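On a predicted model such as this, the values are computed, not experimentally measured, just so you know. Just so you know, residue 1 is the first one in the sequence shown, and it goes up from there.
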Amino acid sequence: MNLSPRQIVNELNKHIIGQEEAKKAVAIALRNRYRRAQLSPELREEITPKNIIMKGPTGVGKTEIARRLAKLVKAPFVKVEATKYTEVGYVGKDVEGMIRDLVECSFRLVKDEKTAEVKVKATDAAERKMLKILAETKKEERGELSKEIFEKNLLDALRKGKYDKLVVETEVDDEPKTMELVPGGAAINLGSIFGEMLPKKKKRRKIAVKDAMNLFIAEEADRLIDNDAVQEEALRRAENDGIIFIDEIDKIAGKGNTSGADVSREGVQRDILPIVEGSTVMTKYGAVKTDYMLFIAAGAFHVARVEDLIPELQGRFPVSVELASLTKEDFINILTNTEHSLTQQYAVLLAVDNIDLKFTADAIEAIAEISEEINLTSEDIGARRLHTVMEYLLEDISFNAGGGDYPLVPVEINRAYVEEHLKKITKDRDLKKYVL
């Protein structure tokens, strides 16, 4: 997608309030990728992304900015936490796993796009397959109808969803079962590892027509898609468009001690370094280079500083931006000026139980004031504070709604309602007792 940095920021503004400096930094990094792609291959090889470090408290939009940026241009994206590589005294979790996860994400993106391209053909083939099953199942209903008219009627009914819940018996692909290679470890799907090496098996199942159609469409799409081309494109996208978000990088920063946890932290930094500098990682889809992937690191940096990272790693993150704590005005904007805001989410949720929920302007202001106060006097968890405050505020309404076919009930939340239902957390100084 050919967007200017200003357009990218405008798109991010729909979901994230404030943090203009960080938005500009990621927008420029994204635009530079487009600029690089327009250059000659010789020049393109010389230009690498300018990786970014975001500093700021939790809940102010660091992860969301990176995630929305990737979603905006349909780029492969993974988030990892740096601290996971320090677990168990740092015997060493495989840091190359983040690259393999990115390639897996890239493969799914490309596969979904190719599936969408062949969906019409796959659906047509799936309908023909289902038509044979329905013709056999419903043969007693044919009567005097010709085969063509009978099958046309069946097809019309199938497309209108009249047979969605009808259970039929058919053959479907038997997916390899997941298994634990190590007791207590993660379940592994052998099919995802060995792919085409395992022979395809079929099994008979009784299944609803709607579910069977979904399986048939997926099977037919697989036959129509060139998996080699998908893998090649997936590797190309991971290399050139991939975004890796490394959270809690401040937790692996540390200087002074040469024993204990600091050795572990520096060891993690040195393991991450070649990935960020540029190396080749083997994946099940082939070798992938990390030289042109964009790395965005983030951390609160309350205790450690960016300067506490090893110099080599600092040098690989030339762009540093600071994100500010959220203010009352930010909270008001989050509640009113973002797409699918929290107030909208609660309104549509409760509308299911015929509650017409409305928030007055002074109620929004009161919620913002209380959220800011709690963040100042308790742990600063940014916008996540709104989730806990809103849950506490609407607890009675959510609990009492539902359970019958009631007419639409209008419910207005005003400042008085907010203050009444949140008075415990505004009066009691031990705020953690009420809002986590």
Going through the distances and angles, do E419 and K423 end up as a salt bridge (charged side-chain N to carboxylate O under 4.0 Å, His left out)?
-> CA-CA 5 Å; E419 290 175 349; K423 62 184 178 183; over 6 Å; no
In the structure I gave you, are the side-chain heavy atoms of [X] and [Y] within less than 4.5 Å of one another anywhere?
X: V103; Y: R100; result: no
X: L109; Y: P76; result: yes
X: I244; Y: I246; result: yes
X: F301; Y: I249; result: yes
X: Y392; Y: L422; result: yes
X: N414; Y: K358; result: no
X: I397; Y: Y417; result: yes
X: K55; Y: S320; result: yes

Salt bridge [X]-[Y], side-chain N to carboxylate O under 4.0 Å:
X: R415; Y: E365; answer: yes
X: E219; Y: K129; answer: yes
X: R270; Y: E312; answer: yes
X: K24; Y: E21; answer: no
X: K328; Y: E373; answer: no
X: K84; Y: E248; answer: no
X: D308; Y: R305; answer: yes
X: E239; Y: R236; answer: no
X: K111; Y: D222; answer: yes
X: E113; Y: R108; answer: no
X: E46; Y: R36; answer: no

Please say which of D356, L357, V411 ends up in a side-chain contact (heavy atoms from CB on, under 4.5 Å) with L350.
-> L357
Could you go step by step and tell me if T327 and D330 meet the side chain to side chain donor-acceptor pair (under 3.5 Å) rule?
-> CA-CA 5 Å; T327 63; D330 291 330; 3.2 Å; yes
One should read off an interatomic distance between L72 CG and K14 NZ, to the nearest 0.5 angstrom, of 9.0 Å
Point-to-point distance, once rounded to the nearest 0.5 Å, from OG of S279 to CG of L273 = 9.5 Å
Nearest heavy-atom neighbours spanning [X] and [Y]:
X: Q345; Y: H340; result: NE2-O, 2.7 Å
X: I334; Y: A383; result: CD1-CB, 4.1 Å
X: K114; Y: V230; result: CG-CG2, 3.9 Å
X: D380; Y: G382; result: OD1-N, 3.1 Å
X: E379; Y: R385; result: O-NH2, 2.6 Å
X: S371; Y: L386; result: OG-CD2, 3.3 Å

Could you go step by step and tell me if N13 and K23 meet the side chain to side chain donor-acceptor pair (under 3.5 Å) rule?
-> CA-CA 9 Å; N13 284 341; K23 289 175 185 172; 2.6 Å; yes
Intermediate values then yes/no, salt bridge (charged side-chain N to carboxylate O under 4.0 Å, His left out), K251 and E81 | CA-CA 10 Å; K251 303 294 194 303; E81 293 180 1; over 6 Å; no
With no hydrogens and no angle check, is any side-chain donor or acceptor of T360 less than 3.5 Å from a backbone partner on I413?
-> yes
Using modelled atom types only, decide if a donor and an acceptor are shared between the side chain of Y292 and the backbone of I47 within a distance under 3.5 Å.
-> no
Residue pairs passing the salt bridge (Lys or Arg N to Asp or Glu O under 4.0 Å) test with at least one member in residues 386-397, sequence neighbours excluded, are none
Take R44 and N240 through the test side chain to side chain donor-acceptor pair (under 3.5 Å) and record every step on the way to the result.
-> CA-CA 11 Å; R44 206 181 304 155; N240 295 284; over 6 Å; no
ring-ring contact (aromatic ring centres under 6.0 Å, His included) with F107: which residues, sequence neighbours excluded?
-> Y285
